[in-house]
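Just so we're clear, the structure is a prediction, and the values are computed from it rather than from any experiment. So that the names make sense, note that chain A is the first sequence line, chain B the second, and so on, each numbered from 1. The figures here come from the full heavy-atom set of this structure, side chains too, leaving out hydrogens, waters and symmetry mates.
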Protein chains: 2
Amino acid sequence: MKTDIRQAERLYSITEAAKITGFTAETLRFYEREGILSGVLRQDGRRRFSEANLREIQILTYMKKTGMSLKEIKQYFALFRQGERTFAKRLALLREHEKEVQRQMRELERSAAHLAFKIWYYETSLKEGALSFDDREALIARYCRETGRIYSM
Amino acid sequence: MKTDIRQAERLYSITEAAKITGFTAETLRFYEREGILSGVLRQDGRRRFSEANLREIQILTYMKKTGMSLKEIKQYFALFRQGERTFAKRLALLREHEKEVQRQMRELERSAAHLAFKIWYYETSLKEGALSFDDREALIARYCRETGRIYSM
DNA sequence: TATTGACTTTGAGTATACTCAAAGTAGTAT
DNA sequence: ATACTACTTTGAGTATACTCAAAGTCAATA
C-alpha cells in the first residue's frame with residue numbers, strides 16, 4: 001500500500017483568491033452565495049479556497065468569456081460535482097456551447113468587416129472630401145479593390 | 001434647374017419596421033424613448049419610419065453585435081446627426097471600437113480553443129475511460145498530436 | 001489590554017436592456 | 001353606428017450580474 005505523501009494542500013483567503021482569479025472578493029462571495037461555487041472550506045467562519053476551487057473559478061472565467069450565463073455555468077459545475085457518470089451530459093452541454101461560440105465568432109467577424117468598411121469610408125472621406133453613398137455598389141467595389149478585402153452587404 | 005423627380009419616400013409603420021429590422025415594436029419604441037433613434041415622423045400620433053430610420057436601426061444592430069452599449073451607440077448617432085463636421089470624431093470612435101472588437105475576437109478564440117480541448121478530453125475519456133489529469137502536459141501534447149491543433153495553457 | 005485589519009452576514013441598491021399591462025385613440029370595415 | 005385593428009402613452013416589472021453599506025467577529029500585533 002502506498003503511503004500518502006501529498007503535502008497539505010495550500011489554502012487561500014478570499015483576498016488572495018480574488019487577486020489570483022481577477023474577480024473581486026465581493027464577486028467570489030456572490031458566486032458562492034448563488035451556489036455556482038461550492039465546497040469552499042471555512043476556518044473561523046472565513047472562506048479558504050483550495051487549488052481545486054481556484055481551478056473551478058478559472059474554468060468559470062473561460063465559460064463567461066464565451067458568453068455562457070451564470071445559470072448555465074452553475075448547471076455545468078453541478079454536473080461536474082456529480083462525478084464521472086455525468087460525462088456524456090457535460091460533453092453534450094459543451095458541444096452545444098461550442099456551436100454558440102462559433103455563431104458568436106461569425107457574427108463578430110461580420111461586424112468587424114462592417115466596421116472596417118466604415119472606417120475606410122471615413123478615412124477616405126477625410127482625405128478626399130465626403131464620398132457619396134449614392135452608388136453604394138461602386139463604393140464597396142472600390143473598397144475591395146483598394147484594400148484587397150472581401151466585402152458585401 | 002433640375003426638377004425633383006424623387007418619389008415620396010416610402011414610410012413604414014412600427015410593426016413593419018419591427019418585421020424588417022428584427023426588433024420588436026416595444027424595443028423600437030424603447031430606443032426612440034431613450035433618444036437613440038430620433039427623427040421618426042408621426043402621422044396621427046403614429047410613428048412612421050423612413051428608409052433612413054431603418055438604415056440607422058440596421059447600423060444599430062451591427063454596433064450592438066460588436067458589444068457596443070446603447071450609450072455609445074447613442075453617442076455615435078448623435079455625432080452622425082451633427083453632420084459632416086463630426087467625421088473625425090466618428091472615425092476616432094469607430095477606431096476605438098475596432099480595437100475592442102479585435103480584443104473580443106482574441107478572447108473568443110482563446111475560449112474556443114479551451115472549449116475544443118475540453119470536448120476532445122470528454123470524447124476521448126468516453127472512448128477510453130477517464131483520462132488522468134495528473135500529467136496535464138502530456139495530455140495536451142497528445143491532444144495537439146491527435147488533432148493537429150495548437151494549444152497551450 | 002487595546003487596536004488594527006481582514007474578514008463575516010444581511011439586505012438593499014445599481015446598471016443595462018428590455019418587456020409588459022392597462023387604458024385610451026384614430027381610421028377602416030361591416 | 002359599431003366593432004375591429006393597429007397603434008398610442010404611462011408606469012411599473014423583469015432578468016442578469018454584480019456592488020455596496022453597515023454592523024459584527026476573530027486573531028494577531030503594539
Side-chain angles (χ1 to χ4, degrees), chain A residues 10-50 53-54 56-57 59-78 97 100 104 107 111, chain B residues 10-50 53-54 56-57 59-78 97 100 104 107 111:
Chain A
R10 165 106 203 258
L11 296 174
Y12 301 85
S13 74
I14 197 163
T15 311
E16 288 172 312
K19 208 159 276 171
I20 294 164
T21 62
F23 289 106
T24 67
E26 271 308 331
T27 304
L28 293 180
R29 281 194 202 101
F30 168 75
Y31 288 158
E32 202 200 12
R33 217 167 35 242
E34 294 292 299
I36 294 156
L37 263 34
S38 75
V40 180
L41 294 174
R42 301 289 175 124
Q43 277 172 9
D44 318 312
R46 291 176 191 192
R47 290 169 183 83
R48 295 291 151 192
F49 291 81
S50 68
N53 290 146
L54 295 185
E56 198 173 55
I57 297 167
I59 291 165
L60 192 152
T61 68
Y62 278 109
M63 304 292 222
K64 258 173 66 77
K65 276 178 190 163
T66 61
M68 208 188 242
S69 68
L70 291 182
K71 204 172 164 180
E72 286 172 296
I73 294 170
K74 184 177 168 173
Q75 270 171 45
Y76 179 76
F77 284 174
H97 193 58
E100 172 58 25
Q104 270 181 62
E107 287 258 289
S111 297
Chain B
R10 165 106 203 259
L11 297 174
Y12 301 83
S13 73
I14 197 163
T15 311
E16 287 171 312
K19 208 159 276 171
I20 293 164
T21 62
F23 290 106
T24 67
E26 269 309 330
T27 304
L28 293 179
R29 280 193 202 102
F30 168 74
Y31 287 158
E32 202 200 13
R33 216 166 37 240
E34 294 291 301
I36 294 155
L37 263 33
S38 73
V40 180
L41 294 175
R42 301 289 174 122
Q43 277 173 7
D44 320 313
R46 291 175 191 193
R47 290 170 184 84
R48 295 291 151 191
F49 291 81
S50 68
N53 290 147
L54 295 185
E56 198 173 55
I57 298 167
I59 291 164
L60 192 153
T61 67
Y62 278 109
M63 305 292 222
K64 260 175 61 79
K65 277 177 189 164
T66 61
M68 208 187 244
S69 69
L70 291 182
K71 205 172 165 179
E72 287 172 295
I73 294 170
K74 185 178 167 173
Q75 270 170 44
Y76 179 76
F77 283 175
H97 193 58
E100 173 57 27
Q104 270 182 62
E107 286 260 290
S111 296

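- Atom-to-atom, CZ of B:Phe49 to P of D:dA6 comes out at 16 Å; the value is rounded to the nearest Å.
- A straight line from CD of A:Glu26 to P of D:dA21 spans 10 Å, rounded to a whole angstrom.
- Look at B:Lys74 and you won't find any side-chain N or O under 4.0 angstrom from OP1 or OP2 of C:dA17.
- Where A:Arg33 and A:Lys71 each meet DNA chain D at their nearest nucleotide, the meeting point lying more 5' is that of A:Lys71.
- The line from CD of B:Glu56 to OH of B:Tyr76 is 10.0 Å long, rounded to the nearest 0.5 Å.
- Comparing atom distances between the A:Arg42 side chain and each of D:dA17, C:dT8, C:dC18 picks out C:dT8 as nearest.
- For A:Leu70, counting side-chain heavy atoms from C-beta on, the closest listed nucleotide (C:dT16, C:dT8, D:dA17) is D:dA17.
- Using a 4.0 Å heavy-atom criterion, one finds that A:Ser13 contacts the sugar-phosphate atoms exclusively.
- In this structure, A:Ile14 and A:Arg46 have side chains that are not in contact, with every pair of non-hydrogen atoms separated by 4.5 Å or more.
- Of the two residues near DNA chain C, B:Thr27 and A:Asp44, the one whose nearest nucleotide lies more 5' is A:Asp44.
- Listed pair B:Lys64 / C:dT16 fails the phosphate criterion, with no side-chain N or O lying under 4.0 Å from OP1 or OP2.
- Rounding to whole angstrom units, CG of residue A:Leu60 and P of D:dT16 are separated by 16 Å.
- Remark: aromatic rings of B:Phe30 and B:Phe23 are distant, center separation not under 6.0 Å.
- Phosphate contact (OP1/OP2 of C:dG24, side-chain N/O of B:Arg46, threshold under 4.0 Å): absent.
- Atom CG of A:Leu11 sits about 7.5 Å away from atom CZ of A:Arg48, to the nearest 0.5 Å.
- The interatomic distance linking A:Glu34 (CD) with D:dA15 (P) rounds to 13 Å, in whole Å.
- For the pair A:Leu37 CG and D:dC18 P, the computed distance is 12 Å after rounding to whole Å.
- In this structure, A:Tyr31 reaches the D:dC18 phosphate: one of its side-chain N or O atoms is under 4.0 Å from OP1 or OP2.
- Within the structure, a side-chain polar atom (N or O) of B:Arg47 is placed less than 4.0 Å from OP1 or OP2 of D:dT9.
- A cation-pi geometry, defined here as NZ or CZ lying under 6.0 Å from the six-membered ring centre and within 45° of its normal, does not hold between B:Lys74 and B:Phe77.
- Whole-Å rounding puts the A:Phe30 CZ to C:dA12 C1' distance at 14 Å.
- Counting to the nearest Å, the C1' atom of D:dA17 and the CZ atom of A:Phe23 are 11 Å from each other.
- Distance CD1 (A:Ile14) to C1' (C:dG5): 15 Å, rounded to an integer number of Å.
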